Protein chains: 2
Amino acid sequence: MTSVSTEPRDTDGPTPATPPTGGSAAQRERRRRILDATIALAAEGGFDAVQMRAVAEHAEVALGTLYRYFPSKIHLLVSALAREFTKDVERSAVRATPGDTAHERIMYVLNRRTRALQKQPKLTEALVRAFMFADQSVTGEIHEVGTSLTTVIARAMHGTPTLGEVTEEEAAIIRIISDVWLSALISWVTGRMDAEDVEKSIDVAVRLLLR
Amino acid sequence: MTSVSTEPRDTDGPTPATPPTGGSAAQRERRRRILDATIALAAEGGFDAVQMRAVAEHAEVALGTLYRYFPSKIHLLVSALAREFTKDVERSAVRATPGDTAHERIMYVLNRRTRALQKQPKLTEALVRAFMFADQSVTGEIHEVGTSLTTVIARAMHGTPTLGEVTEEEAAIIRIISDVWLSALISWVTGRMDAEDVEKSIDVAVRLLLR
DNA sequence: TCTAGACTTGTAACACGTTCTACATCAGGG
DNA sequence: CCCTGATGTAGAACGTGTTACAAGTCTAGA
């Protein structure tokens with residue numbers, strides 16, 4: 001966790017942060033192996049266990065290559081989070097969310113995601129802490145995560161897998177719900193809330209916002 | 001209050017995390033110098049500039065002593081944040097908050113604090129990132145910060161420096177506002193929101209929650 | 001096929017958080 | 001007044017993120 005506070009410029013060649021798409025098949029394959037290794041190590045030992053040398057070894061790439069694909073440990077972990085969230089979004093596009101009211105549907109998607117995260121506490125700790133620690137240089141990846149989250153909530157709010165118009169007020173409400181969810185997740189990761197508290201705090205927020 | 005929660009506590013001497021009060025005068029003085037040095041370095045160069053060796057040198061204590069007082073860089077920074085917030089709370093207890101409605105009063109205190117933080121972007125970056133990165137071992141200090149924040153908001157909500165009863169619903173609303181504020185602060189620190197966005201997002205949240 | 005340049009690899013080196021060691025200082029009780 | 005244990009000091013040492021570098025390998029185009 002050093003440097004890069006104000007000057008993100010470097011001798012960048014071809015891959016500023018190696019986007020998921022593009023590159024040769026071998027490169028996409030390497031990228032996949034790296035992210036898989038990241039998830040595996042994080043799931044087993046959390047943030048501290050995701051050591052760059054270990055990731056490189058596990059993914060069978062050289063350390064330098066790892067850094068060419070992901071310029072820092074934080075980029076790496078946030079990218080892993082972005083990949084997981086993107087998968088969820090694709091899944092949520094398939095069919096309508098169950099629930100009769102917006103409240104029920106939002107709680108359904110958020111609780112489902114929350115419980116999935118809680119099943120892998122170490123992984124969640126790693127991803128959430130990386131997300132929270134990210135600085136300016138990770139804007140792109142962070143934005144990707146934020147977009148996924150708001151998309152899923154917006155779909156749940158409307159109850160349809162396709163997204164119609166979202167009013168200004170709805171967008172504001174969705175942003176607040178995201179904030180509360182993230183905040184609750186942090187509290188859970190750091191042991192200041194238990195699983196029940198998380199669900200309850202989101203439920204209260206949704207109720208207050210959707211009345 | 002400062003008790004250590006889960007870990008296998010070892011040969012702990014006298015100062016598990018050196019609470020603000022207690023200890024000899026020389027010790028309180030050292031603690032003050034350390035936190036002052038932390039704030040000074042953070043204000044100048046942000047999170048990365050708060051290097052333990054530099055803090056120790058600036059505070060004129062040995063590195064080992066610094067670690068005796070604060071067991072990690074994160075503890076150090078979150079403690080600094082807690083000290084600043086506590087000062088604010090004491091100030092806010094002196095007189096009533098200006099504003100005719102709860103909305104106005106809450107916006108007044110939060111905007112004042114937000115603007116104070118924005119005047120020292122580097123310092124804010126350091127404190128906010130430390131707060132977000134904190135793990136389980138920093139629960140005590142984090143809780144202190146959270147309490148300060150909710151106290152100030154609760155006072156503003158009621159418009160009186162003394163705290164009367166706070167209903168369950170009010171407490172929930174205050175928690176959500178805190179979440180939104182923190183989240184906005186992160187976005188600002190990482191360059192994803194500008195100063196105006198921060199104020200606006202809080203304003204929207206308060207409006208939606210207090211209707 | 002040959003070659004230039006990009007991409008990978010393996011490894012060493014560096015920075016900073018953290019821990020450890022050996023010694024000095026100080027305060028209090030006999 | 002001295003002993004003793006806690007506290008402080010100075011500095012080395014260690015681990016891990018990050019960077020640097022020399023050499024091997026793959027690919028596209030002449």
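Computation of the quantities below employed the complete heavy-atom set of this structure, encompassing side-chain atoms and omitting hydrogens, waters and symmetry-equivalent molecules. If you're wondering where the values come from, they're calculated on a predicted model, not measured in any experiment. The sequence lines fix the lettering, A, B, ..., with proteins before strands; numbering per chain opens at 1.
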Atom-to-atom span, CG of A/Leu76 to C1' of D/dT18 - whole angstrom:
13 Å
How close do B/Arg155 and B/Pro161 get, counting heavy atoms only, and between which atoms?
NE-O, 2.8 Å
Would you find a donor on one side and an acceptor on the other, under 3.5 Å apart, between the side chain of B/Ser183 and the backbone of B/Val180?
no
Rounded off to whole Å, could you give me the CG-to-C1' distance for the B/Asp135 and C/dT18 pair?
14 Å
Counting distance only, does the side-chain N/O of A/His158 pair as donor-acceptor with the main-chain N or O of A/Val166 below 3.5 Å?
no
Taken to the nearest whole Å, CD/B/Glu29 to C1'/D/dT7 is 16 Å
Could you state the atom-to-atom distance from CD of A/Gln27 to C1' of D/dC26 in whole Å?
11 Å
Salt bridge (Lys or Arg N to Asp or Glu O under 4.0 Å) against B/Asp36, all qualifying residues, sequence neighbours excluded
B/Arg32, B/Arg83
For residues 113-120 of chain A, which side-chain donor-acceptor pairs fall under 3.5 Å, sequence neighbours excluded?
from     : atom 1 : to       : atom 2 : distance (Å)
A/Thr114 : OG1    : A/Leu110 : O      : 2.7
A/Thr114 : OG1    : A/Trp181 : NE1    : 2.8
A/Arg115 : NH1    : A/Glu199 : OE2    : 2.6

Inspect the contact between A/Glu125 and A/Lys122 and indicate whether a charged nitrogen and a carboxylate oxygen are less than 4.0 angstrom apart.
no
For A/Leu77 and D/dT16, what is the distance between atoms CG and P respectively, to the nearest whole Å?
16 Å
Options C/dT18, D/dT18, D/dG8, nucleotide nearest the side-chain atoms of B/Met52
C/dT18
Can you measure A/Lys73 atom NZ to C/dG17 atom C1' for me and round it to whole angstrom units?
13 Å
Using the side chain to side chain donor-acceptor pair (under 3.5 Å) criterion, which residues pair with A/Thr190? Sequence neighbours excluded.
A/Arg192
Could you check how far OH of A/Tyr69 sits from P of C/dA6, rounded to whole Å?
16 Å
d(CG, B/Leu41; P, C/dC16) in whole Å
13 Å
For each nucleotide in nucleotides 21-27 of chain C, reading 5' to 3', give B when a protein heavy atom comes within less than 4.0 Å of its base, S when such contact involves only the sugar-phosphate, and - otherwise.
-------
Could you list the donor-acceptor pairs under 3.5 angstrom formed between side-chain atoms of residues 39-57 of chain A and any protein atom two or more places apart in sequence or on another chain?
from    : atom 1 : to      : atom 2 : distance (Å)
A/Gln51 : NE2    : A/Asp48 : O      : 3.4

Please check: side-chain N/O of A/Gln27 versus main-chain N/O of A/Ser24, any donor-acceptor pairing under 3.5 Å?
yes
Can you list, by residue number, the residues of residues 53-67 of chain A that have a non-hydrogen atom closer than 4.0 angstrom to DNA chain D?
A/Arg53, A/Leu63, A/Tyr67
